[in-house]
Protein chains: 2
Amino acid sequence: MKKKIEFRSQCPISTALDIFGDKWTLLVIRDLLFNGKRTYGEFLESEEKIATNILADRLSILEMAGIISKKKHPDSNAKILYNLTAKGIDLIPVLIEIIAWSEKYHDVHPYAKKFAKQLHKDKEKVVRQLFENFTKK
Amino acid sequence: MKKKIEFRSQCPISTALDIFGDKWTLLVIRDLLFNGKRTYGEFLESEEKIATNILADRLSILEMAGIISKKKHPDSNAKILYNLTAKGIDLIPVLIEIIAWSEKYHDVHPYAKKFAKQLHKDKEKVVRQLFENFTKK
DNA sequence: CTGTATCCTTAGGGATACTG
DNA sequence: CAGTATCCCTAAGGATACAG
(Lines give C-alpha, C1' and ligand atoms only; values in the text may rest on other atoms or scores of the structure.)
Protein backbone atom coordinates (compact mmCIF):
# COMPACT_ATOMS: atom_id res chain seq x y z
CA MET A 1 0.00 0.00 0.00
CA LYS A 2 2.37 2.64 -1.23
CA LYS A 3 1.23 6.09 -2.15
CA LYS A 4 3.13 9.26 -2.67
CA ILE A 5 2.27 12.58 -1.13
CA GLU A 6 0.77 15.15 -3.48
CA PHE A 7 1.66 18.74 -2.75
CA ARG A 8 -0.96 21.32 -3.63
CA SER A 9 1.42 24.27 -3.71
CA GLN A 10 4.82 25.39 -2.53
CA CYS A 11 3.36 27.25 0.41
CA PRO A 12 5.07 25.94 3.55
CA ILE A 13 1.78 25.71 5.46
CA SER A 14 0.09 23.87 2.65
CA THR A 15 3.08 21.54 2.28
CA ALA A 16 3.02 20.69 5.97
CA LEU A 17 -0.71 20.06 5.85
CA ASP A 18 -0.26 17.74 2.90
CA ILE A 19 1.87 15.59 5.21
CA PHE A 20 0.20 15.84 8.61
CA GLY A 21 -3.02 17.73 7.92
CA ASP A 22 -5.44 15.20 9.33
CA LYS A 23 -6.85 14.15 12.67
CA TRP A 24 -4.44 11.30 13.41
CA THR A 25 -0.89 11.85 12.21
CA LEU A 26 0.15 14.34 14.86
CA LEU A 27 -1.26 12.07 17.56
CA VAL A 28 1.23 9.38 16.57
CA ILE A 29 4.02 11.94 16.73
CA ARG A 30 2.69 13.09 20.08
CA ASP A 31 2.89 9.52 21.38
CA LEU A 32 6.47 9.23 20.22
CA LEU A 33 7.47 12.60 21.60
CA PHE A 34 5.69 12.83 24.91
CA ASN A 35 4.51 9.39 25.84
CA GLY A 36 7.56 7.31 25.05
CA LYS A 37 5.62 4.99 22.78
CA ARG A 38 7.59 3.02 20.24
CA THR A 39 5.54 0.07 19.07
CA TYR A 40 2.46 -0.51 16.95
CA GLY A 41 0.54 -1.94 19.87
CA GLU A 42 1.32 1.03 22.06
CA PHE A 43 -0.03 3.45 19.47
CA LEU A 44 -3.23 1.42 19.25
CA GLU A 45 -3.76 1.77 22.99
CA SER A 46 -4.02 5.57 23.00
CA GLU A 47 -7.28 6.95 24.26
CA GLU A 48 -8.44 8.34 20.91
CA LYS A 49 -8.55 4.74 19.61
CA ILE A 50 -7.02 4.90 16.19
CA ALA A 51 -8.09 2.05 13.89
CA THR A 52 -5.43 -0.46 12.91
CA ASN A 53 -5.67 0.24 9.20
CA ILE A 54 -5.42 3.99 9.75
CA LEU A 55 -2.41 3.53 11.99
CA ALA A 56 -0.62 1.38 9.42
CA ASP A 57 -1.41 3.96 6.75
CA ARG A 58 -0.13 6.89 8.78
CA LEU A 59 3.03 5.07 9.84
CA SER A 60 3.86 4.38 6.21
CA ILE A 61 3.24 8.02 5.27
CA LEU A 62 5.40 9.23 8.15
CA GLU A 63 8.17 6.87 7.13
CA MET A 64 7.89 7.96 3.52
CA ALA A 65 8.06 11.60 4.58
CA GLY A 66 11.23 10.86 6.54
CA ILE A 67 9.69 11.74 9.89
CA ILE A 68 9.99 8.32 11.52
CA SER A 69 12.22 5.29 11.02
CA LYS A 70 11.74 1.61 11.79
CA LYS A 71 14.05 -0.96 13.29
CA LYS A 72 13.76 -4.41 14.82
CA HIS A 73 13.27 -4.81 18.50
CA PRO A 74 16.46 -6.24 20.05
CA ASP A 75 14.51 -8.95 21.90
CA SER A 76 11.93 -10.12 19.44
CA ASN A 77 12.16 -10.41 15.70
CA ALA A 78 8.52 -9.69 15.10
CA LYS A 79 8.39 -6.58 17.22
CA ILE A 80 9.26 -3.33 15.50
CA LEU A 81 10.43 -0.12 17.07
CA TYR A 82 9.49 3.24 15.60
CA ASN A 83 11.61 6.27 16.18
CA LEU A 84 11.59 9.91 15.21
CA THR A 85 14.21 11.07 12.74
CA ALA A 86 15.84 14.50 13.00
CA LYS A 87 13.03 15.80 10.82
CA GLY A 88 10.49 14.37 13.22
CA ILE A 89 12.25 15.72 16.28
CA ASP A 90 12.16 19.13 14.66
CA LEU A 91 8.39 19.05 15.00
CA ILE A 92 8.77 19.63 18.74
CA PRO A 93 8.24 23.41 18.49
CA VAL A 94 5.10 22.89 16.41
CA LEU A 95 3.61 20.51 18.95
CA ILE A 96 4.66 22.77 21.81
CA GLU A 97 2.85 25.77 20.33
CA ILE A 98 -0.26 23.73 19.66
CA ILE A 99 -0.27 22.57 23.28
CA ALA A 100 0.19 26.12 24.56
CA TRP A 101 -2.66 27.42 22.39
CA SER A 102 -5.00 24.57 23.16
CA GLU A 103 -4.43 24.75 26.88
CA LYS A 104 -5.14 28.48 26.87
CA TYR A 105 -8.56 28.13 25.29
CA HIS A 106 -9.84 24.66 26.05
CA ASP A 107 -10.47 22.25 28.81
CA VAL A 108 -7.58 19.80 28.88
CA HIS A 109 -6.15 17.11 31.09
CA PRO A 110 -4.62 18.25 34.38
CA TYR A 111 -1.17 17.02 33.35
CA ALA A 112 -1.46 19.08 30.18
CA LYS A 113 -2.22 22.16 32.25
CA LYS A 114 0.80 21.44 34.36
CA PHE A 115 2.96 21.05 31.30
CA ALA A 116 1.64 24.32 29.88
CA LYS A 117 2.55 26.04 33.12
CA GLN A 118 6.14 24.92 32.72
CA LEU A 119 6.03 26.18 29.16
CA HIS A 120 4.80 29.52 30.32
CA LYS A 121 7.62 29.77 32.82
CA ASP A 122 10.47 28.77 30.54
CA LYS A 123 9.56 27.55 27.08
CA GLU A 124 13.15 27.53 25.85
CA LYS A 125 14.17 25.16 28.60
CA VAL A 126 11.31 22.73 28.03
CA VAL A 127 12.03 22.61 24.32
CA ARG A 128 15.74 22.16 24.89
CA GLN A 129 15.13 19.28 27.28
CA LEU A 130 12.81 17.55 24.85
CA PHE A 131 15.39 17.86 22.11
CA GLU A 132 18.08 16.47 24.39
CA ASN A 133 15.92 13.47 25.27
CA PHE A 134 15.81 12.49 21.65
CA THR A 135 19.20 13.39 20.35
CA LYS A 136 21.20 11.53 22.97
CA LYS A 137 19.59 8.24 22.07
CA MET B 1 -25.60 23.85 8.26
CA LYS B 2 -24.72 23.92 11.91
CA LYS B 3 -22.66 21.20 13.53
CA LYS B 4 -20.84 21.12 16.77
CA ILE B 5 -17.28 20.02 17.22
CA GLU B 6 -16.77 16.63 18.83
CA PHE B 7 -13.70 16.30 21.00
CA ARG B 8 -12.12 12.86 21.13
CA SER B 9 -10.21 13.46 24.34
CA GLN B 10 -8.91 16.18 26.61
CA CYS B 11 -5.45 15.97 25.14
CA PRO B 12 -4.50 19.46 23.93
CA ILE B 13 -3.09 18.15 20.65
CA SER B 14 -6.16 16.06 19.99
CA THR B 15 -8.43 19.00 20.87
CA ALA B 16 -6.61 21.30 18.47
CA LEU B 17 -6.80 18.69 15.71
CA ASP B 18 -10.53 18.33 16.28
CA ILE B 19 -10.79 22.01 15.32
CA PHE B 20 -8.20 22.52 12.59
CA GLY B 21 -6.95 19.01 11.84
CA ASP B 22 -7.66 18.96 8.14
CA LYS B 23 -6.10 20.13 4.92
CA TRP B 24 -7.97 23.43 4.59
CA THR B 25 -8.69 25.21 7.86
CA LEU B 26 -5.18 26.46 8.54
CA LEU B 27 -4.95 27.76 4.98
CA VAL B 28 -7.85 30.12 5.66
CA ILE B 29 -6.09 31.29 8.81
CA ARG B 30 -2.88 31.68 6.83
CA ASP B 31 -4.71 33.92 4.36
CA LEU B 32 -6.04 36.06 7.17
CA LEU B 33 -2.70 36.25 8.96
CA PHE B 34 -0.17 36.63 6.21
CA ASN B 35 -2.00 37.60 3.06
CA GLY B 36 -4.36 40.26 4.34
CA LYS B 37 -7.41 38.46 2.98
CA ARG B 38 -10.74 39.31 4.55
CA THR B 39 -13.54 38.30 2.18
CA TYR B 40 -15.06 35.09 0.92
CA GLY B 41 -14.02 35.82 -2.64
CA GLU B 42 -10.43 36.42 -1.64
CA PHE B 43 -10.22 33.07 0.11
CA LEU B 44 -11.57 31.36 -2.99
CA GLU B 45 -8.77 32.86 -5.09
CA SER B 46 -5.93 31.19 -3.20
CA GLU B 47 -3.76 28.91 -5.25
CA GLU B 48 -4.84 25.70 -3.54
CA LYS B 49 -8.35 26.32 -4.90
CA ILE B 50 -10.65 25.54 -2.03
CA ALA B 51 -14.19 24.61 -3.10
CA THR B 52 -16.97 27.04 -2.19
CA ASN B 53 -18.89 24.55 -0.04
CA ILE B 54 -15.77 23.58 1.87
CA LEU B 55 -14.89 27.21 2.46
CA ALA B 56 -18.36 27.99 3.80
CA ASP B 57 -18.13 24.95 6.05
CA ARG B 58 -14.71 25.84 7.45
CA LEU B 59 -15.67 29.49 8.00
CA SER B 60 -18.65 28.40 10.04
CA ILE B 61 -16.52 26.01 12.09
CA LEU B 62 -13.91 28.71 12.70
CA GLU B 63 -16.60 31.13 13.78
CA MET B 64 -18.16 28.53 16.04
CA ALA B 65 -14.75 27.82 17.59
CA GLY B 66 -14.32 31.54 18.29
CA ILE B 67 -11.30 31.87 16.00
CA ILE B 68 -12.80 34.30 13.51
CA SER B 69 -15.58 36.87 13.60
CA LYS B 70 -17.77 38.35 10.89
CA LYS B 71 -18.89 41.89 10.25
CA LYS B 72 -20.43 43.86 7.41
CA HIS B 73 -18.24 45.64 4.96
CA PRO B 74 -18.56 49.43 5.48
CA ASP B 75 -19.19 50.03 1.77
CA SER B 76 -21.45 47.21 0.71
CA ASN B 77 -24.19 45.49 2.63
CA ALA B 78 -23.72 42.17 0.94
CA LYS B 79 -19.99 42.01 1.45
CA ILE B 80 -18.77 40.46 4.66
CA LEU B 81 -15.44 40.93 6.35
CA TYR B 82 -13.83 38.11 8.31
CA ASN B 83 -11.38 38.83 11.06
CA LEU B 84 -9.31 36.88 13.52
CA THR B 85 -10.33 37.03 17.15
CA ALA B 86 -7.77 37.05 19.97
CA LYS B 87 -7.99 33.26 19.95
CA GLY B 88 -7.23 33.26 16.24
CA ILE B 89 -4.36 35.70 16.56
CA ASP B 90 -2.86 33.42 19.18
CA LEU B 91 -2.36 30.83 16.48
CA ILE B 92 0.51 32.93 15.11
CA PRO B 93 3.21 30.92 16.93
CA VAL B 94 1.75 27.65 15.66
CA LEU B 95 1.79 28.86 12.06
CA ILE B 96 5.27 30.31 12.52
CA GLU B 97 6.68 27.00 13.69
CA ILE B 98 5.02 25.12 10.87
CA ILE B 99 6.56 27.51 8.37
CA ALA B 100 10.00 27.17 9.94
CA TRP B 101 9.80 23.38 9.89
CA SER B 102 8.41 23.17 6.38
CA GLU B 103 10.97 25.53 4.94
CA LYS B 104 13.80 23.56 6.51
CA TYR B 105 12.81 20.30 4.87
CA HIS B 106 10.86 21.09 1.75
CA ASP B 107 10.96 23.08 -1.41
CA VAL B 108 8.91 26.21 -0.85
CA HIS B 109 8.23 29.53 -2.51
CA PRO B 110 11.13 32.01 -2.58
CA TYR B 111 9.20 34.47 -0.43
CA ALA B 112 8.65 31.74 2.14
CA LYS B 113 12.39 31.11 2.23
CA LYS B 114 12.97 34.79 2.75
CA PHE B 115 10.45 34.87 5.56
CA ALA B 116 12.06 31.83 7.19
CA LYS B 117 15.39 33.60 7.05
CA GLN B 118 13.96 36.49 9.03
CA LEU B 119 12.55 33.98 11.48
CA HIS B 120 15.91 32.39 11.89
CA LYS B 121 17.50 35.74 12.61
CA ASP B 122 14.98 37.01 15.13
CA LYS B 123 11.85 34.94 15.64
CA GLU B 124 10.69 36.94 18.65
CA LYS B 125 10.66 40.13 16.63
CA VAL B 126 8.75 38.64 13.70
CA VAL B 127 6.13 37.20 16.03
CA ARG B 128 5.84 40.45 17.94
CA GLN B 129 5.32 42.42 14.76
CA LEU B 130 2.66 40.03 13.51
CA PHE B 131 0.82 40.36 16.81
CA GLU B 132 1.05 44.14 16.65
CA ASN B 133 -0.37 44.16 13.15
CA PHE B 134 -3.51 42.51 14.41
CA THR B 135 -4.01 43.97 17.83
CA LYS B 136 -3.86 47.59 16.77
CA LYS B 137 -6.75 47.18 14.38
C1' DC C 1 2.72 -8.69 17.62
C1' DT C 2 2.81 -6.28 13.31
C1' DG C 3 0.69 -5.55 10.12
C1' DT C 4 -2.97 -6.68 5.67
C1' DA C 5 -7.29 -7.33 3.75
C1' DT C 6 -12.02 -6.85 3.46
C1' DC C 7 -16.40 -4.99 4.11
C1' DC C 8 -19.13 -1.27 4.79
C1' DT C 9 -20.56 3.39 6.21
C1' DT C 10 -19.78 8.09 6.55
C1' DA C 11 -17.36 12.28 5.70
C1' DG C 12 -14.77 15.09 2.57
C1' DG C 13 -14.69 17.32 -1.28
C1' DG C 14 -15.03 18.83 -6.48
C1' DA C 15 -18.30 20.89 -9.96
C1' DT C 16 -21.85 23.53 -10.85
C1' DA C 17 -26.23 25.85 -10.46
C1' DC C 18 -28.76 28.83 -7.92
C1' DT C 19 -30.63 32.29 -4.24
C1' DG C 20 -30.82 36.72 -1.38
C1' DC D 1 -20.77 38.89 -3.58
C1' DA D 2 -21.76 35.64 0.06
C1' DG D 3 -23.31 31.97 0.60
C1' DT D 4 -26.68 27.33 -0.26
C1' DA D 5 -28.04 23.34 -2.51
C1' DT D 6 -27.42 19.45 -5.23
C1' DC D 7 -25.14 15.83 -7.45
C1' DC D 8 -21.80 12.59 -7.37
C1' DC D 9 -17.57 10.48 -6.51
C1' DT D 10 -13.58 9.45 -3.72
C1' DA D 11 -11.20 9.22 0.54
C1' DA D 12 -11.39 8.44 5.39
C1' DG D 13 -12.33 5.62 8.70
C1' DG D 14 -14.53 1.96 11.91
C1' DA D 15 -15.02 -3.23 12.69
C1' DT D 16 -13.35 -7.37 12.22
C1' DA D 17 -10.87 -11.29 10.43
C1' DC D 18 -6.71 -13.06 9.26
C1' DA D 19 -1.81 -13.68 7.66
C1' DG D 20 3.44 -13.72 8.44
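Chain letters run A, B, ... following the sequence lines, proteins first and then strands; every chain starts at 1. Predicted model only: the values in this text are computed from it and were never measured.
- The A:Ala51 side chain lies nearest to D:dG14 when the options are D:dT4, D:dG14, C:dA5.
- Going from atom CG of A:Asp57 over to atom C1' of D:dA12 covers 9 Å, rounded to whole Å.
- Which of C:dT2, C:dG12, D:dT6 sits closest to the side chain of A:Lys79 comes down to C:dT2.
- Candidate nucleotides C:dG14, C:dT6, D:dT4 were compared by shortest atom distance to the side chain of B:Tyr40, and D:dT4 ranks first.
- There is a side-chain donor-acceptor pair under 3.5 Å between A:Lys87 and B:His106.
- Per the geometry, CD1 belonging to B:Ile50 stands 15 Å off C1' belonging to C:dA15, to the nearest Å.
- Following rounding to the nearest Å, B:Leu55 (CG) and D:dC1 (P) show an atom-to-atom distance of 14 Å.
- Across the protein-nucleic acid pair, A:Arg8 atom CZ and D:dA11 atom P stand 15 Å apart, rounded to whole Å.
- Atom CD1 of A:Ile61 and atom CD1 of A:Ile68 lie 10.5 Å apart (nearest 0.5 Å).
- The CG-P distance, from A:Leu44 to D:dG14, rounds to 12 Å in whole Å.
- Where A:Glu42 and A:Lys23 meet DNA chain C, the nucleotide closest to each residue was compared, and A:Glu42 sits on the side nearer the 5' end.
- The distance between atom CD1 of B:Ile54 and atom P of C:dA15, rounded to the nearest whole Å, is 11 Å.
- Not a single donor-acceptor contact under 3.5 angstrom links the side-chain atoms of B:Asn53 to the base of C:dG12.
- For C:dG12, neither phosphate oxygen OP1 nor OP2 lies less than 4.0 angstrom from any side-chain nitrogen or oxygen of B:Trp24.
- Side-chain atoms of B:Lys23 come within 3.5 Å of backbone N or O of A:Leu17 as a donor-acceptor pair.
- In this structure, A:Phe115 and A:Phe34 have perpendicular ring planes: the angle between them is above 60°, well past the 30° mark.
- Between B:Glu48 and B:Trp24 there is a side-chain heavy-atom pair separated by less than 4.5 Å.
- Within 3.5 Å, a donor on the side chain of A:Thr52 pairs with an acceptor on the base of C:dT4, or the reverse.
- To the nearest angstrom, C1' of C:dG12 lies 15 Å from CG of B:Leu27.
- Side-chain atoms of A:Ala56 lie closest to C:dT4 of the nucleotides D:dT4, C:dG14, C:dT4.
- Distances shorter than 4.0 Å separate none of the side-chain N or O atoms of A:Arg58 from OP1 or OP2 on D:dA12.
- As a whole-Å value, the separation of B:Ile61 CD1 from C:dA11 C1' is 11 Å.
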